[in-house]
Q: 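This is the structure, below, for whatever I ask next.
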Amino acid sequence: MPRRVATALTTLAILLAGPATAMALKINEAYRPQDEFKLDPWFSIGPIDFNKAVLYIIVATFLTCFTMIYAARRMQERPNRFQTVVEGAYALMRDNITRGNMPDRMAAKWFPFIATIFLFIWFSNIIGYLPLPTNTEHKVNIFGAHIPSLALYAATANLSVPLVLTLMVWLSYHVEGIRAKGFTGYLASWIPAGVEGPARVPIFGIEVISHFVRLVSLSVRLFANILAGHLLILFMGGGLVVLLNLSIVGSVVLGLVSGAMAVAFFLFEVVLIATLQAFIFATLTAIYLGGAVAAEH
């Protein structure tokens, strides 16, 4: 098997590095992959512009609400397959994410918030891998109707969406900490027990910085992972062939290799990354809320 792989890679290298390919290697400057994430306004209502990001947010919100209502009405004594899946997801969000990081009484209070964040991010990530007619720059003529072409896009691949979610979490855990300990008590809890004297000042300064850094880490982690996945799928699914503008033989060979990699990346993103990023965001939300009311944090 290793010998076959080496032979295939050698053949590919020869084809791509051959004289015909070298002569044909002219970068296609007209191809701009970043335009896939460009947000052109479709229409406006007052100061609000509606574009594909808004559409994806609305769809994710609808799916989140519909799933919660539909699942609640389908519960029965003898669980079917759907109820088994729902109960598994419920146990994950309640026991692993929420109760695992805060007291039970507090978990009962904040579970709806954390579960909503988890489901919203999960749906936003998943529908981002479904090709929808949202590419208004390139339209298809179907029986005289100019329909936007299919494209992949995720609202969470736009930094503004994860940042708004992060601000909600950031403000929520600070408010909860102040309610539990009072303003001065909450600020005092940022300094670990046992730190006395002048050392308290730099430690408090570091804690202040760390809380603001959470705004960056929590939002950028989600944004960067989803954006990177979409870019990989875009390039491997044909963007690299268009960009390099190789000869016919080189384009076919490169297309076969990059196409197989695109399928692998697509499955990896859908099966693992979409759920993992929602899980990480919701878990960190629970950790921050639980830490805000803890005796020391």
Side-chain angles (χ1 to χ4, degrees), residues 56-129 154-156 161-181 186 189 211 214-215 217-219 221-223 225-226 269-297:
Y56 276 80
I57 291 174
I58 293 174
V59 173
T61 302
F62 170 78
L63 291 174
T64 302
C65 297
F66 175 81
T67 300
M68 289 182 169
I69 296 172
Y70 181 79
R73 293 181 176 179
R74 289 292 300 271
M75 295 296 100
Q76 53 189 8
E77 293 183 4
R78 299 182 60 183
N80 51 26
R81 294 180 180 178
F82 174 76
Q83 185 169 335
T84 301
V85 173
V86 170
E87 289 179 353
Y90 179 83
L92 172 68
M93 293 183 290
R94 185 193 63 179
D95 300 333
N96 294 73
I97 297 178
T98 309
R99 285 184 176 177
N101 296 291
M102 62 180 69
D104 289 347
R105 185 175 180 180
M106 184 179 178
K109 174 183 177 181
W110 285 98
F111 169 71
F113 176 75
I114 295 172
T116 301
I117 285 181
F118 176 87
L119 290 175
F120 176 80
I121 294 176
W122 187 80
F123 278 119
S124 296
N125 294 345
I126 288 296
I127 63 177
Y129 298 110
T156 44
V161 176
L163 183 58
V164 169
L165 294 174
T166 301
L167 284 171
M168 290 172 55
V169 172
W170 194 80
L171 292 173
S172 295
Y173 82 76
H174 282 309
V175 170
E176 186 67 14
I178 293 172
R179 290 179 60 184
K181 303 176 181 178
Y186 177 61
S189 68
H211 282 281
R214 289 178 179 181
L215 290 172
S217 62
L218 194 59
S219 59
R221 181 188 294 106
L222 175 59
F223 156 73
N225 276 279
I226 303 303
E269 292 287 327
V270 172
V271 174
L272 180 63
I273 299 300
T275 303
L276 181 62
Q277 289 306 314
F279 176 82
I280 291 174
F281 197 101
T283 301
L284 288 175
T285 299
I287 291 174
Y288 295 159
L289 285 166
V293 301
E296 298 177 8
H297 93 281

Q: Taking the side chain as everything from C-beta on, heavy atoms only, tell me whether Arg73 gets closer than 4.5 Å to Ile69.
A: yes

Q: State, with a plain yes or no, whether a side-chain heavy atom of Phe120 is found less than 4.5 Å away from one of Leu165.
A: yes

Q: Once you round to the nearest 0.5 Å, how far does CZ of Phe279 lie from CG of Leu284?
A: 9.5 Å

Q: Could you go through Tyr173 and His211, starting from their C-alpha distance and side-chain angles, then the distance that decides it, and tell me whether this counts as ring pair (Phe, Tyr, Trp, His ring centres under 6.0 Å)?
A: CA-CA 11 Å; Tyr173 82 76; His211 282 281; 5.8 Å; yes

Q: Does any part of the side chain of Val169, heavy atoms only, come nearer than 4.5 Å to the side chain of Phe281, both counted from C-beta?
A: yes

Q: With Ile121, which of Leu222, Ile280, Thr116 fulfils side chain to side chain contact (heavy atoms under 4.5 Å, CB included)?
A: Leu222

Q: So, for Phe66 and Phe123, is the gap between ring centers shorter than 6.0 Å?
A: no

Q: With salt bridge (charged side-chain N to carboxylate O under 4.0 Å, His left out) as the rule and sequence neighbours excluded, what pairs involving residues 91-108 come up?
A: Asp95-Arg99

Q: Given Met93, which of Ile114, Leu119, Ile117 fulfils the side chain to side chain contact (heavy atoms under 4.5 Å, CB included) condition?
A: Leu119

Q: Is any side-chain heavy atom of Arg221 closer than 4.5 Å to a side-chain heavy atom of Leu218?
A: yes

Q: Can you find a heavy atom in the side chain of Asn125 that is under 4.5 Å from one in the side chain of Gln277?
A: yes

Q: Are the side chains of Tyr186 and Arg179 in contact, using a 4.5 Å heavy-atom criterion?
A: no

